[in-house]
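This report refers to the structure that appears directly beneath it.
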There are 2 protein chains.
Amino acid sequence: MAERATSAMGGENLLFLTDEQLRKGIEAMFFAYRGFTADPDRILETQGYGRAHHRALHFINRTHGTTVNNLLSTLGVTKQSLNRVLRTLIEDGLVESRVGRKDRRERNLYLTEKGEVLERALSEAQRERMRAAYRAAGPQAVAGFRQVLEAMMDDEIRRQYNAMRDRRT
Amino acid sequence: MAERATSAMGGENLLFLTDEQLRKGIEAMFFAYRGFTADPDRILETQGYGRAHHRALHFINRTHGTTVNNLLSTLGVTKQSLNRVLRTLIEDGLVESRVGRKDRRERNLYLTEKGEVLERALSEAQRERMRAAYRAAGPQAVAGFRQVLEAMMDDEIRRQYNAMRDRRT
DNA sequence: TTGGAATGTCAACAAGGCTGACATAAAATA
DNA sequence: TATTTTATGTCAGCCTTGTTGACATTCCAA
């Protein structure tokens, strides 16, 4: 059995596709995601917000003036669920909701200065961990990381994800 | 400005550490995690279980005979929270709880045959997506993926994660 | 002018986190 | 042996964030 080989061999070698390797990858995703959310979670807790607020702030920041419907499909939740989060953010003066110009049924969402401050704090905490991980792993590993994650997304979601990179750089 | 360069250059080039690249990585994690849980979630729904049950089944399967305390720290939840999940799994005959031999205060947890059936169904669905992603990205990308994820974990968690690979291969 | 789309709101519910308090059995220790 | 500590289970109650369903409002477009 010439079964010993490293994944660096690539090509024909399919040992990286064994159930055991896949299980390790699954566990890595699970544990890494905990780390991924840990730092922002700590900040959010002090402000009385949750992860749902973080996600809303993140995507409103990414796509200034996005509509509620847009945000809904990006976040993958119901409008009632998003609305609850959005309402508190608007009440607290972190998000501004402006009536749409072209279509006045739509609401365009923007971060206020106060909202930007919190978004920046959350983002910086999360990026700091990502940066450390990226630096430790190196650029080639990062490229692989991104490739695998992209391949893991649902097709519809991947389209949204790819569309996002063009909006704001 | 000789600023154009690909991350494949590696080494000195730190363009992969820009805030924009980090934000992309953050979004990739967010969207990929949705895909990661989507397939098992669909199965769980038909059985009246949730993600919490999946996690318990997964880790009981990974470390046969693990104790409640062990599972608690692996999952990072409170015992009250785990207990609720565990109780239904035991009542439904998916998990068996045996009094510890050495220390009779402890309970050793095992999957029953029925439990193994569900675990396998969930795992196979999740592995299938991982396998497709791995195959699409290739072994080198997978190695990078794992490196970055590992670097992203909390130190304490990484120790648990690494300890896990030795128990059962 | 009317139908349908986009949005908001209210109510009710469920899963799954959390804390605190308390019970029990068994091990460990004074 | 007596006491303390540990492992587990359980009850009650709270919070966030997801869900559905029903209904009102606004306003574009046919």
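Fair warning: this is a prediction, and the values are worked out from it, not measured in the lab. Values below: all heavy atoms of this structure, side chains included; hydrogens, waters and symmetry mates excluded. Per chain, numbering begins at 1; letters A, B, ... match sequence-line order.
- Closest to the side chain of Asn83(A), from the set dA7(D), dT9(C), dT20(D), is dT9(C).
- Inter-residue side-chain proximity for Gln160(B) and Met153(B) is flagged as unmet; no heavy-atom pair is nearer than 4.5 Å.
- Ring to ring, Phe30(B) and Phe59(A) are close: their centroids are under 6.0 angstrom apart.
- Checked against ring-ring contact (aromatic ring centres under 6.0 Å, His included), Tyr49(A) has the following partners two or more places apart in sequence or in another chain: His53(A).
- Atom CG of Asn69(B) and atom C1' of dA26(C) are 14 Å apart (whole Å).
- Against DNA chain C, the stretch residues 116-124 of chain B makes no heavy-atom approach under 4.0 Å.
- A salt bridge is defined here as a Lys NZ or Arg NE, NH1 or NH2 lying under 4.0 Å from an Asp or Glu carboxylate O, and Arg127(A) with Asp19(B) meets this definition.
- Put simply, CG on Leu72(A) is 11 Å from P on dG18(D), counting in whole angstrom units.
- Between the side chain of Ser73(B) and the backbone N or O of Asn70(B), at least one donor-acceptor pair lies under 3.5 Å.
- Atom pair Leu109(A):CG and dA6(C):P shows a separation of 15 Å (rounding to whole Å applied).
- If you check the side chains of Thr67(A) and Arg107(A), you find no donor sitting under 3.5 Å from an acceptor.
- One interatomic measurement links the two molecules: CZ of Arg51(B) to P of dG18(D), which rounds to 10 Å at whole-angstrom precision.
- Arg87(B) comes within 4.0 angstrom of the backbone, heavy atoms only, and of no base.
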Evaluation steps, salt bridge (charged side-chain N to carboxylate O under 4.0 Å, His left out), between Arg101(B) and Glu106(B): CA-CA 8 Å; Arg101(B) 282 212 208 175; Glu106(B) 296 181 342; over 6 Å; no

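- At dG16(C), one or more side-chain N or O atoms of His53(B) fall inside 4.0 Å of OP1 or OP2 (strictly under the cut-off).
- A salt bridge does not link Lys114(A) to Asp92(A): none of the charged side-chain nitrogens sits closer than 4.0 Å to a carboxylate oxygen.
- Proximity of residues 88-107 of chain B to DNA chain D (heavy atom under 4.0 angstrom from any strand atom) is restricted to Arg105(B), Glu106(B), Arg107(B).
- Using a 4.0 Å cut-off between charged side-chain N and carboxylate O, Glu96(B) and Arg98(B) make a salt bridge.
- Between the CG atom of Asn70(A) and the C1' atom of dT7(C) there is a distance of 14 Å, rounded to whole Å.
- Distances shown here put a side-chain N or O of Thr78(B) below 4.0 Å from the OP1 or OP2 atom of dC18(C).
- Side chains of His58(B) and Gln126(B): a donor-acceptor N/O pair is absent below 3.5 angstrom, by distance only.
- At least one side-chain nitrogen or oxygen of Arg55(A) sits closer than 4.0 Å to the OP1 or OP2 atom of dG18(D).
- In this structure, Arg84(B) places its CZ atom 18 Å from P of dT8(D), rounding to the nearest Å.
- Remark: Arg23(B) does not engage Glu20(B) in a salt bridge, criterion side-chain N to carboxylate O under 4.0 Å.
- Salt bridge annotation for Arg42(A)-Glu45(A): absent, with no cationic side-chain nitrogen under 4.0 angstrom from a carboxylate oxygen.
- Inter-axis angle, ends of the helix from dT1(C)-dA30(D) to dA30(C)-dT1(D), five pairs per end, rounded to 10 degrees: 20°.
- The interatomic distance linking Leu75(B) (CG) with dC18(C) (C1') rounds to 15 Å, in whole Å.
- Although no hydrogens or angles enter the test, the distance criterion places a donor-acceptor pair under 3.5 Å between the side chain of Thr88(B) and the main chain of Val85(B).
- Of the candidate nucleotides dT7(C), dT17(D), dT19(C), dT7(C) has the atom lying nearest to any side-chain atom of Val68(A).
- Both Val148(A) and Leu14(A) are assigned to one and the same hydrophobic cluster, defined by single-linkage of ILVMFWY side chains at heavy-atom distances under 4.5 Å.
- Residues from residues 42-50 of chain B that place a heavy atom under 4.0 Å from any atom of DNA chain C, listed by number: Gly50(B).
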Using atom names, set out every protein N or O paired with an N or O of nucleotides 20-22 of chain C below 3.5 Å, distance rounded to 0.1 Å.
{"unit_1": "dG20(C)", "atom_1": "N7", "unit_2": "Gln80(B)", "atom_2": "NE2", "d": "3.4"}
{"unit_1": "dG20(C)", "atom_1": "O6", "unit_2": "Gln80(B)", "atom_2": "NE2", "d": "2.8"}

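- Salt-bridge formation is not detected for the pair Arg34(A)/Asp41(A): no Lys NZ or Arg NE/NH1/NH2 atom is positioned less than 4.0 Å from an Asp or Glu carboxylate oxygen.
- Linking Ile, Leu, Val, Met, Phe, Trp and Tyr whenever their side-chain heavy atoms come within less than 4.5 Å leaves Tyr110(A) and Leu122(A) in two separate clusters.
- Both the sub-6.0 Å distance and the 45° axial angle are not jointly satisfied by Arg158(B) relative to the ring of Phe31(A).
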